[in-house]
Visitor: 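First the structure, which I've put down as C-alpha coordinates, then a few questions once you've had a look.
Lettering of chains follows the sequences in order, A, B, ..., and the numbering in each one begins at 1. Please read all numbers here as calculations on a predicted model, not as lab measurements.
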Amino acid sequence: MIIPFEHEWPQTAAEARALQEQLRARLDLNQPLRWDRLRTIAGADISYSCKGTRLYAAVVVLEFPSLKLRSVHTASGPVNFPYLPGYLSFREIPVLLKIFRRLTEDFDVLVCDGHGYAHPRRFGLACHLATLLGKPAVGCAKSRLIGQYQEPAWERGSFQVLYSDQEQIGWVLRTRTGVKPIFVSPGNFITFEDALRLALQASPRYRVPEPIRQAHLQVNQLRLREETQVPHAAIQ
DNA sequence: GCGACAG
DNA sequence: ATCTTGTCGC
(Lines give C-alpha, C1' and ligand atoms only; values in the text may rest on other atoms or scores of the structure.)
Protein backbone atom coordinates (compact mmCIF):
# COMPACT_ATOMS: atom_id res chain seq x y z
CA MET A 1 0.00 0.00 0.00
CA ILE A 2 0.94 3.63 -0.47
CA ILE A 3 1.69 5.29 2.86
CA PRO A 4 -0.27 8.54 2.54
CA PHE A 5 1.69 10.41 5.20
CA GLU A 6 5.30 10.06 6.29
CA HIS A 7 7.70 12.10 8.38
CA GLU A 8 11.29 12.01 9.58
CA TRP A 9 11.99 9.74 12.57
CA PRO A 10 13.23 11.62 15.64
CA GLN A 11 16.30 10.54 17.57
CA THR A 12 15.41 12.11 20.90
CA ALA A 13 12.40 12.01 23.20
CA ALA A 14 12.08 15.80 23.00
CA GLU A 15 11.74 15.67 19.20
CA ALA A 16 9.37 12.73 19.44
CA ARG A 17 7.21 14.58 21.92
CA ALA A 18 6.99 17.62 19.66
CA LEU A 19 5.91 15.37 16.79
CA GLN A 20 3.20 13.73 18.93
CA GLU A 21 1.87 17.12 19.93
CA GLN A 22 1.82 18.21 16.30
CA LEU A 23 0.25 15.05 14.88
CA ARG A 24 -2.48 14.72 17.49
CA ALA A 25 -4.27 17.60 15.78
CA ARG A 26 -5.00 15.16 12.93
CA LEU A 27 -7.09 12.82 15.06
CA ASP A 28 -10.69 12.22 13.99
CA LEU A 29 -12.52 10.11 16.57
CA ASN A 30 -16.00 10.84 15.19
CA GLN A 31 -15.78 8.66 12.12
CA PRO A 32 -18.16 5.68 12.42
CA LEU A 33 -16.80 2.31 11.33
CA ARG A 34 -18.46 0.94 8.18
CA TRP A 35 -19.73 -2.30 9.73
CA ASP A 36 -21.73 -3.06 6.61
CA ARG A 37 -18.53 -3.12 4.55
CA LEU A 38 -16.25 -4.67 7.17
CA ARG A 39 -14.62 -7.68 5.52
CA THR A 40 -11.02 -7.76 6.82
CA ILE A 41 -9.13 -6.85 9.98
CA ALA A 42 -5.35 -6.46 10.15
CA GLY A 43 -3.33 -7.11 13.29
CA ALA A 44 0.22 -5.95 14.09
CA ASP A 45 2.72 -7.07 16.69
CA ILE A 46 6.46 -6.87 17.51
CA SER A 47 8.93 -9.21 19.19
CA TYR A 48 12.45 -8.40 20.41
CA SER A 49 15.65 -10.39 20.13
CA CYS A 50 17.13 -11.76 23.36
CA LYS A 51 19.68 -8.93 23.58
CA GLY A 52 17.09 -6.37 22.57
CA THR A 53 19.07 -5.13 19.58
CA ARG A 54 16.77 -6.32 16.85
CA LEU A 55 13.02 -6.42 16.39
CA TYR A 56 10.73 -8.68 14.47
CA ALA A 57 7.38 -7.55 13.13
CA ALA A 58 4.29 -9.26 11.77
CA VAL A 59 1.12 -7.97 10.15
CA VAL A 60 -1.69 -10.44 9.62
CA VAL A 61 -4.97 -10.04 7.77
CA LEU A 62 -8.03 -11.85 9.09
CA GLU A 63 -11.46 -12.23 7.55
CA PHE A 64 -14.36 -10.66 9.40
CA PRO A 65 -16.45 -11.85 11.15
CA SER A 66 -14.97 -15.38 10.96
CA LEU A 67 -11.52 -14.15 12.10
CA LYS A 68 -9.97 -16.74 9.83
CA LEU A 69 -6.33 -16.08 8.98
CA ARG A 70 -6.00 -14.90 5.39
CA SER A 71 -2.39 -13.74 5.07
CA VAL A 72 0.86 -13.16 6.98
CA HIS A 73 3.54 -10.52 6.34
CA THR A 74 6.78 -10.13 8.26
CA ALA A 75 9.91 -8.01 8.50
CA SER A 76 12.80 -7.44 10.86
CA GLY A 77 15.21 -4.62 11.56
CA PRO A 78 17.54 -3.02 14.09
CA VAL A 79 16.23 -1.26 17.18
CA ASN A 80 16.70 2.46 16.60
CA PHE A 81 14.93 4.02 19.56
CA PRO A 82 14.99 3.14 23.28
CA TYR A 83 11.94 1.95 25.16
CA LEU A 84 10.53 4.99 26.90
CA PRO A 85 6.97 4.80 28.27
CA GLY A 86 4.92 7.16 26.08
CA TYR A 87 7.22 6.81 23.04
CA LEU A 88 6.68 3.21 22.01
CA SER A 89 5.57 4.12 18.48
CA PHE A 90 8.98 5.56 17.63
CA ARG A 91 10.54 2.22 18.48
CA GLU A 92 8.04 -0.09 16.78
CA ILE A 93 6.45 1.71 13.84
CA PRO A 94 9.45 1.98 11.48
CA VAL A 95 9.75 -1.80 11.02
CA LEU A 96 5.96 -2.13 10.70
CA LEU A 97 6.00 0.46 7.92
CA LYS A 98 8.41 -1.77 5.97
CA ILE A 99 5.62 -4.36 5.91
CA PHE A 100 2.82 -1.97 5.01
CA ARG A 101 4.84 -0.51 2.11
CA ARG A 102 5.12 -4.00 0.59
CA LEU A 103 1.51 -4.94 1.37
CA THR A 104 -0.60 -5.28 -1.77
CA GLU A 105 -3.70 -6.54 0.02
CA ASP A 106 -6.25 -4.09 1.39
CA PHE A 107 -7.81 -4.24 4.87
CA ASP A 108 -10.63 -2.34 6.53
CA VAL A 109 -9.39 -1.73 10.07
CA LEU A 110 -6.21 -2.35 12.06
CA VAL A 111 -5.87 -3.67 15.61
CA CYS A 112 -2.59 -2.69 17.30
CA ASP A 113 -0.76 -4.13 20.30
CA GLY A 114 -0.54 -1.03 22.52
CA HIS A 115 -2.58 2.02 23.42
CA GLY A 116 -4.20 4.53 21.10
CA TYR A 117 -5.77 7.63 22.61
CA ALA A 118 -5.14 6.39 26.18
CA HIS A 119 -1.76 8.09 26.19
CA PRO A 120 -0.18 11.03 28.09
CA ARG A 121 -0.42 13.22 24.97
CA ARG A 122 -3.37 11.34 23.46
CA PHE A 123 -1.18 9.91 20.72
CA GLY A 124 -0.22 6.31 21.40
CA LEU A 125 1.04 3.78 18.87
CA ALA A 126 -2.39 3.06 17.40
CA CYS A 127 -3.01 6.78 16.79
CA HIS A 128 0.39 7.19 15.19
CA LEU A 129 0.09 4.18 12.90
CA ALA A 130 -3.50 4.97 11.90
CA THR A 131 -2.49 8.52 11.05
CA LEU A 132 0.43 7.42 8.85
CA LEU A 133 -1.63 4.73 7.09
CA GLY A 134 -4.80 6.80 6.76
CA LYS A 135 -6.76 3.79 8.05
CA PRO A 136 -9.01 3.23 11.07
CA ALA A 137 -7.17 1.60 13.96
CA VAL A 138 -7.86 0.46 17.51
CA GLY A 139 -5.29 0.16 20.28
CA CYS A 140 -5.56 -2.88 22.57
CA ALA A 141 -3.04 -3.00 25.42
CA LYS A 142 -2.58 -5.72 28.02
CA SER A 143 -1.77 -3.23 30.76
CA ARG A 144 -2.44 0.38 31.73
CA LEU A 145 -0.19 3.25 30.72
CA ILE A 146 -2.20 6.11 32.22
CA GLY A 147 -5.70 6.68 33.54
CA GLN A 148 -8.07 5.69 36.33
CA TYR A 149 -10.86 3.12 36.22
CA GLN A 150 -13.14 0.91 38.23
CA GLU A 151 -12.75 -2.82 37.88
CA PRO A 152 -15.23 -4.21 35.32
CA ALA A 153 -17.60 -7.01 36.41
CA TRP A 154 -16.03 -10.38 35.93
CA GLU A 155 -18.17 -11.68 33.04
CA ARG A 156 -16.93 -11.49 29.47
CA GLY A 157 -18.16 -8.29 27.79
CA SER A 158 -18.17 -6.21 30.99
CA PHE A 159 -16.40 -2.87 30.66
CA GLN A 160 -15.65 0.41 32.40
CA VAL A 161 -14.57 3.81 31.15
CA LEU A 162 -10.86 4.62 31.39
CA TYR A 163 -10.48 8.25 32.49
CA SER A 164 -7.70 10.77 32.61
CA ASP A 165 -9.19 13.08 35.26
CA GLN A 166 -12.67 13.75 33.82
CA GLU A 167 -11.90 12.93 30.20
CA GLN A 168 -12.62 9.53 28.71
CA ILE A 169 -9.45 8.20 27.10
CA GLY A 170 -10.50 4.58 26.55
CA TRP A 171 -12.17 1.50 27.96
CA VAL A 172 -11.25 -1.36 30.25
CA LEU A 173 -12.79 -4.47 28.71
CA ARG A 174 -13.14 -7.99 30.05
CA THR A 175 -12.80 -10.20 26.97
CA ARG A 176 -12.93 -13.48 28.98
CA THR A 177 -14.86 -14.25 32.15
CA GLY A 178 -12.66 -14.13 35.22
CA VAL A 179 -9.55 -13.01 33.32
CA LYS A 180 -7.65 -9.70 33.61
CA PRO A 181 -9.22 -7.07 31.34
CA ILE A 182 -7.60 -5.36 28.34
CA PHE A 183 -7.31 -1.62 27.66
CA VAL A 184 -9.02 -0.46 24.49
CA SER A 185 -8.77 3.00 22.94
CA PRO A 186 -9.32 4.44 19.48
CA GLY A 187 -6.31 5.06 17.26
CA ASN A 188 -7.75 7.27 14.55
CA PHE A 189 -10.71 7.37 12.14
CA ILE A 190 -12.90 5.42 14.59
CA THR A 191 -15.15 6.23 17.57
CA PHE A 192 -14.78 5.08 21.16
CA GLU A 193 -17.94 3.00 20.80
CA ASP A 194 -16.83 1.24 17.61
CA ALA A 195 -13.38 0.61 19.07
CA LEU A 196 -15.00 -1.16 22.02
CA ARG A 197 -17.38 -3.21 19.87
CA LEU A 198 -14.61 -4.24 17.51
CA ALA A 199 -12.26 -5.24 20.32
CA LEU A 200 -14.92 -7.49 21.84
CA GLN A 201 -15.99 -9.03 18.52
CA ALA A 202 -12.35 -9.68 17.68
CA SER A 203 -11.87 -11.58 20.97
CA PRO A 204 -14.39 -14.45 20.89
CA ARG A 205 -12.16 -16.97 22.67
CA TYR A 206 -8.99 -15.54 24.15
CA ARG A 207 -8.12 -12.56 26.30
CA VAL A 208 -6.07 -10.98 23.51
CA PRO A 209 -7.94 -10.00 20.32
CA GLU A 210 -7.41 -12.54 17.54
CA PRO A 211 -5.62 -10.17 15.12
CA ILE A 212 -2.98 -9.39 17.77
CA ARG A 213 -2.80 -12.98 18.95
CA GLN A 214 -2.20 -14.27 15.44
CA ALA A 215 0.39 -11.58 14.74
CA HIS A 216 2.10 -12.51 18.01
CA LEU A 217 2.31 -16.18 17.03
CA GLN A 218 3.75 -15.25 13.63
CA VAL A 219 6.29 -12.83 15.01
CA ASN A 220 7.62 -15.44 17.42
CA GLN A 221 7.99 -17.96 14.61
CA LEU A 222 9.92 -15.40 12.60
CA ARG A 223 12.24 -14.69 15.53
CA LEU A 224 12.87 -18.39 16.04
CA ARG A 225 13.72 -18.83 12.34
CA GLU A 226 16.06 -15.84 12.18
CA GLU A 227 17.86 -16.51 15.44
CA THR A 228 18.33 -20.22 14.68
CA GLN A 229 20.23 -19.89 11.41
CA VAL A 230 24.00 -19.29 11.41
CA PRO A 231 25.17 -15.99 9.88
CA HIS A 232 26.03 -16.44 6.18
CA ALA A 233 29.70 -15.40 6.54
CA ALA A 234 30.34 -18.06 9.20
CA ILE A 235 29.11 -21.03 7.15
CA GLN A 236 32.12 -21.56 4.86
C1' DG B 1 11.85 13.99 46.15
C1' DC B 2 8.93 9.58 45.21
C1' DG B 3 6.39 6.32 42.57
C1' DA B 4 4.38 4.91 37.97
C1' DC B 5 5.58 3.57 33.62
C1' DA B 6 2.13 0.36 26.55
C1' DG B 7 6.15 -3.07 24.58
C1' DA C 1 9.35 -6.99 25.69
C1' DT C 2 12.81 -10.92 27.57
C1' DC C 3 14.62 -14.41 31.06
C1' DT C 4 12.76 -18.56 33.51
C1' DT C 5 10.05 -24.09 36.16
C1' DG C 6 6.75 -25.71 37.77
C1' DT C 7 1.98 -25.64 38.62
C1' DC C 8 -3.00 -25.04 38.89
C1' DG C 9 -7.33 -25.39 36.27
C1' DC C 10 -10.57 -25.99 32.33
Side-chain angles (χ1 to χ4, degrees), chain A residues 9 13 16-17 19-20 23-24 43-60 74-97 99 110-131 137-149 154-156 162-165 169-188 195 199 203-209 211-228:
Chain A
W9 289 91
R17 180 183 185 123
L19 195 53
Q20 290 174 332
L23 293 182
R24 69 182 179 187
D45 190 41
I46 297 287
S47 173
Y48 296 89
S49 62
C50 47
K51 292 180 179 176
T53 65
R54 199 163 175 77
L55 42 79
Y56 305 94
V59 172
V60 297
T74 61
S76 66
V79 167
N80 283 320
F81 202 87
Y83 172 68
L84 303 172
Y87 300 93
L88 183 65
S89 64
F90 297 92
R91 183 173 169 87
E92 298 198 344
I93 288 185
V95 66
L96 287 171
L97 279 186
I99 299 177
L110 173 66
V111 180
C112 300
D113 185 24
H115 292 283
Y117 193 76
H119 177 275
R121 288 165 294 284
R122 310 293 182 263
F123 203 76
L125 184 149
C127 301
H128 199 158
L129 196 46
T131 300
V138 177
C140 293
K142 296 177 290 299
S143 63
R144 187 195 69 105
L145 176 58
I146 62 160
Q148 310 85 41
Y149 63 96
W154 98 327
E155 294 81 26
R156 165 184 153 83
L162 179 64
Y163 292 98
S164 179
D165 296 321
I169 58 174
W171 306 97
V172 186
L173 172 66
R174 192 93 64 184
T175 52
R176 283 198 73 174
T177 298
V179 168
K180 182 183 175 189
I182 66 169
F183 297 79
V184 179
S185 59
N188 201 353
S203 317
R205 174 145 191 215
Y206 298 94
R207 177 190 178 227
V208 173
I212 294 174
R213 206 180 72 85
Q214 290 296 334
H216 193 74
L217 294 173
Q218 295 295 333
V219 93
N220 283 330
Q221 288 186 28
L222 173 68
R223 182 159 80 95
L224 192 63
R225 289 199 302 271
E226 291 206 10
E227 290 181 353
T228 293

Visitor: Think Arg223(A) has a side-chain N or O under 4.0 angstrom from the OP1 or OP2 of dT2(C)?
Guide: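 Answer is yes, contact under 4.0 Å.
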Visitor: Quick one: sort the His128(A) and Phe90(A) rings into parallel, tilted or perpendicular, breaks at 30° and 60°.
Guide: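 Perpendicular: the ring planes of His128(A) and Phe90(A) meet at over 60°.
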Visitor: Rounded off to whole Å, could you give me the CG-to-C1' distance for the Asp113(A) and dG7(B) pair?
Guide: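 These atoms are roughly 7 Å apart.
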Visitor: Describe the nucleic acid contact of Tyr56(A) in one word from base, sugar-phosphate, nothing, applying a heavy-atom distance below 4.0 Å.
Guide: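 Answer is nothing: Tyr56(A) stays at 4.0 Å or more from every strand.
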Visitor: What pairs of residues pass the salt bridge (Lys or Arg N to Asp or Glu O under 4.0 Å) test when at least one of them lies in residues 115-127 of chain A, not counting sequence neighbours?
Guide: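 Every salt bridge (Lys or Arg N to Asp or Glu O under 4.0 Å) pair that includes a residue of residues 115-127 of chain A, provided the two are not neighbours, is Arg122(A)-Glu167(A).
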Visitor: In whole angstroms, how far is the P atom of dA1(C) from the CD1 atom of Ile46(A)?
Guide: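 Ile46(A) atom CD1 is separated from dA1(C) atom P by 12 Å.
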Visitor: Could you give the distance from CD1 (Ile182(A)) to OG (Ser143(A)), rounded to the nearest 0.5 Å?
Guide: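 Between atom CD1 of Ile182(A) and atom OG of Ser143(A) there are 11.5 Å.
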Visitor: Atom CZ of Arg205(A) to atom C1' of dC10(C): distance rounded to whole Å?
Guide: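 The distance from CZ of Arg205(A) to C1' of dC10(C) comes to 11 Å, rounded to the nearest Å.
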Visitor: Examine dA6(B): is either OP1 or OP2 under 4.0 Å from a nitrogen or oxygen in the side chain of Tyr83(A)? Give yes or no.
Guide: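 Checking Tyr83(A) against dA6(B): at least one side-chain N or O falls below 4.0 Å of OP1 or OP2.
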Visitor: Reckon Ser47(A) has a side-chain N or O less than 4.0 Å from the OP1 or OP2 of dT2(C)?
Guide: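 Checking dT2(C) against Ser47(A), a side-chain N or O does come within under 4.0 Å of OP1 or OP2.
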Visitor: Just the rounded figure in Å: distance from P of dA6(B) to CG of Leu162(A).
Guide: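 So the two atoms are 13 Å apart, to the nearest Å.
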Visitor: What is the distance, rounded to the nearest whole Å, between atom CG of Leu88(A) and atom C1' of dC5(B)?
Guide: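 Nearest whole value for this atom pair: 12 Å.
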Visitor: To the nearest Å, how far apart are His115(A) NE2 and dA4(B) P?
Guide: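 Roughly 17 Å, once rounded to whole Å.
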Visitor: Respond yes when some side-chain nitrogen or oxygen of Ser49(A) is under 4.0 Å from OP1 or OP2 of dT2(C), and no when none is.
Guide: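 For dT2(C), OP1/OP2 do not have a side-chain N/O of Ser49(A) under 4.0 Å.
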Visitor: Using a 4.0 Å heavy-atom cut-off, does Leu125(A) contact any base of the nucleic acid, only the sugar-phosphate backbone, or nothing at all?
Guide: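 Since a base atom lies under 4.0 Å of Leu125(A), the category is base.
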Visitor: Rounded to whole angstrom units, what separation is found between the CZ atom of Phe123(A) and the P atom of dA6(B)?
Guide: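 For the pair Phe123(A) CZ and dA6(B) P, the rounded distance is 19 Å.
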Visitor: Knowing that exactly one of Val219(A), Asn80(A), Val95(A) qualifies, which makes a side chain to side chain contact (heavy atoms under 4.5 Å, CB included) with Leu55(A)?
Guide: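 For Leu55(A), the side chain to side chain contact (heavy atoms under 4.5 Å, CB included) test succeeds with only one of Val219(A), Asn80(A), Val95(A), which is Val95(A).
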Visitor: Please give, in whole Å, the distance from dG7(B) P to Arg213(A) CZ?
Guide: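 Going from CZ in Arg213(A) over to P in dG7(B) covers 17 Å.
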Visitor: Looking at Trp9(A), I want to see if its CH2 is surrounded by more than 12 non-hydrogen atoms of other residues, nucleotides or ligands under 6.0 Å.
Guide: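 Yes.
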Visitor: Quick check on dA1(C): is either OP1 or OP2 less than 4.0 Å from any side-chain nitrogen or oxygen of Lys142(A)?
Guide: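 Yes, within the criterion.
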Visitor: Side chain of Arg144(A), heavy atoms from C-beta onward: which of dG7(B), dC5(B), dT2(C) has the nearest atom to it?
Guide: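 Selected nucleotide (nearest to the side chain): dC5(B).
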Visitor: Which part of the nucleic acid, if any, lies within reach of Gly139(A) when heavy atoms closer than 4.0 Å are counted: base, sugar-phosphate only, or nothing?
Guide: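 It contacts nothing in the nucleic acid.
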